[in-house]
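Chain naming here is simple, since letters A, B, ... match the order of the sequence lines and numbering starts at 1 in each. Predicted model only: the values in this text are computed from it and were never measured.
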Amino acid sequence: MSMTMTQKILAEHAGLPQVHPGQLVMADVDLVLGNDITSPVAIKEFAKFNLDKVFDKSKVALVPDHFTPNKDIKAAQQCKCMRQFAHDFDIEHYFEVGQMGIEHALLPEQGLVNAGDLIIGADSHTCTYGALGAFSTGVGSTDMAAAMATGKLWFKIPQAIRFNLTGTFTRWVSGKDLVLHIIGMIGVDGALYKSIEFCGTGVASTTMDDRFTVCNMAIEAGAKNGIFPVDAVALEYVASHCKRLPKVYEADSDAEYERTVDIDLGAIRPTVAFPHLPENAKTIDEVGNVPIDQVVIGSCTNGRISDLRVAAQLLKGRKVAKGVRTIIFPATQQIYLQAMEEGLLRIFVEAGAVVSTPTCGPCLGGHMGILAEGERAVATTNRNFVGRMGHVQSEVYLASPAVAAASALTGRIANPEEIGVN
Amino acid sequence: MKAHGTVFRYKDNVDTDVIIPARYLNTSDAAELASHCMEDIDPTFIKRVKAGDIIVADKNFGCGSSREHAPLAIKTAKISCVIASSFARIFYRNSINIGLPILECPEAVKGIRDGDTVEVDFTSGLISNLTTNESWKAEAFPPFIQKMIEAEGLVQYLKKEMAK
Ligand code: SF4
């Protein structure tokens, strides 16, 4: 029987020649990830195993990124618990404030992700690494504990939906618009329990950063994972970041998909998801006049260097609109440094924006940019649920860095084409 | 094993941010998490909920983040069972892993209203609406998951397996 790319990776890690949708398997994991919210719970569960070591200290990554730099005493306690565990169990990949970044931008950058890997993380956006042809998925803290103890985890073999991409993006359109378009089309449970697999001639024209953004939001369609084929772009990224050799899996040509959806990248418009679900997608042409109070550019979805470059192209030599707070947070220290070297940080500050240290902060309504009652934000993040960024009566509109930057300049949700950048 | 209680009825896509808002995730203390359970969609939930009560919702319950704090808050609020048309994948895993009984049954969900009294028999999967005298059969768990539930969660299950 033929298999999808995801099924092949799961079969290999379960030591089986063949798997079929619905089958429950125990599979080996190549990396286990946790953050400062989910790890303390996992550490408590891990203690119940009474073990003096984790299954492999080089295959656990702990990243304090959510409420860091510690926003209050309770957050500090949680980080302390994680730090202590990392020390006691000699965890190789613990990233202290100063070296850390938002986990899903950090791990690929640090070379911890390889094509063909099976990665689980106690964070729903762990699905980001599918961009590099890995199977990666979010799990809970008990799963994290079990995987740290045994190096294995149970999985149900998913079916898949295939997106066949053709064409290339037009100016100001990026991976974010594509994924918002897809979620708008299939809904927030459109891929529930399933994989989203990408293929087609359009893939080659998408950047690595586009693919990270797209796979990052696979969970917003309910998917178990999103995955891209491993092409020259992915291989080059892996070669320059990861020391291990990649393992390339390809879907069988006759693999079964629940359905295949064709998407012409050239037809995608800048897209915005209205409150309070990522599926409430509208093209920029349908938005109308929506005045805003805050713009947030960053997160594991869109805090990478190409995102900051796009924002800088629009903000350069201009000023953010009166009354709009613009918060920009590069996703990792390395991105921060690169943005500094390229002069992007100066452009942001001169435009009247705030540049924050890497943190999840505002994305989950943690700290560093909480919304008051009735306020509206355009954010390049991935969720716009009720209360996600602050007060239950506040609103989050999800968009690309280009739309976010254009909106910062105009004080309402805006089309980057309006700004007049060549 | 049976559950018996009053129903709190919710709609589609009840996400983890409304089950337990991220602003309270600077602790993993179960009682404190439970005290904010459902706060952003139903501010009076925690005042009204009684031990054994049941949550019934439409599709995609628990969508959003991987926070195990969400099923934990529900369990600690003494909800005996969640019935939904469908569950988000990670929430489903987490509930099973921590031993919060959840059942998928779209037909039952259609026939249950807020405030109804419902009884659930976990062994047979029978869901009975005692207010309307209707009943439905939910799909049984696959054997592997049943074993995990019997062991009261993933950690205990694995400990048993590892001891073998
Ligand atoms: S940036 Fe937002 S979505 Fe990404 S890991 Fe942090 S809180 Fe989660």
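In this structure, chain A has a heavy atom under 4.5 Å from the side chain of B/Tyr92, while its backbone stays farther away. Using a 4.5 Å cut-off between heavy atoms, B/Asn94 touches chain A through its side chain atoms alone. Heavy atoms of A/Thr150 lying under 4.5 Å from chain B belong exclusively to its side chain.
Each of A/Thr38, A/Ile37, A/Asp143, A/Ile219 was scored for a side chain to side chain contact (heavy atoms under 4.5 Å, CB included) with B/Ser66, with one residue passing: A/Thr38.
Under 4.0 Å is where a charged nitrogen must lie from a carboxylate oxygen, and between A/Lys74 and B/Glu32 at least one such pair does.
Under a 3.5 Å cut-off, the side chain of B/Lys159 and the backbone N or O of A/Asn50 do not form any donor-acceptor pair. The main-chain N or O of B/Leu25 is found under 3.5 Å from a side-chain atom of A/Gln78 such that the two form a donor-acceptor pair.
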Checklist entry - For A/Arg383 and B/Ser65, what are the C-alpha separation, side-chain angles and deciding distance, and is it a side chain to side chain donor-acceptor pair (under 3.5 Å)? => result CA-CA 9 Å; A/Arg383 289 199 174 126; B/Ser65 98; 4.8 Å; no

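A heavy-atom distance below 4.5 Å is found between the side chains of A/Trp154 and B/Leu154. In this structure, B/Asn26 and A/Lys71 have side chains that are in contact, with non-hydrogen atoms separated by less than 4.5 Å. Residues B/Val18 and A/His276 are not in side-chain contact: their nearest non-hydrogen atoms beyond the backbone lie 4.5 Å or more apart.
Of the listed residues (B/Glu68, B/Arg23, B/Met162), the greatest number of heavy-atom pairs within a distance under 4.5 Å of chain A belongs to B/Glu68.
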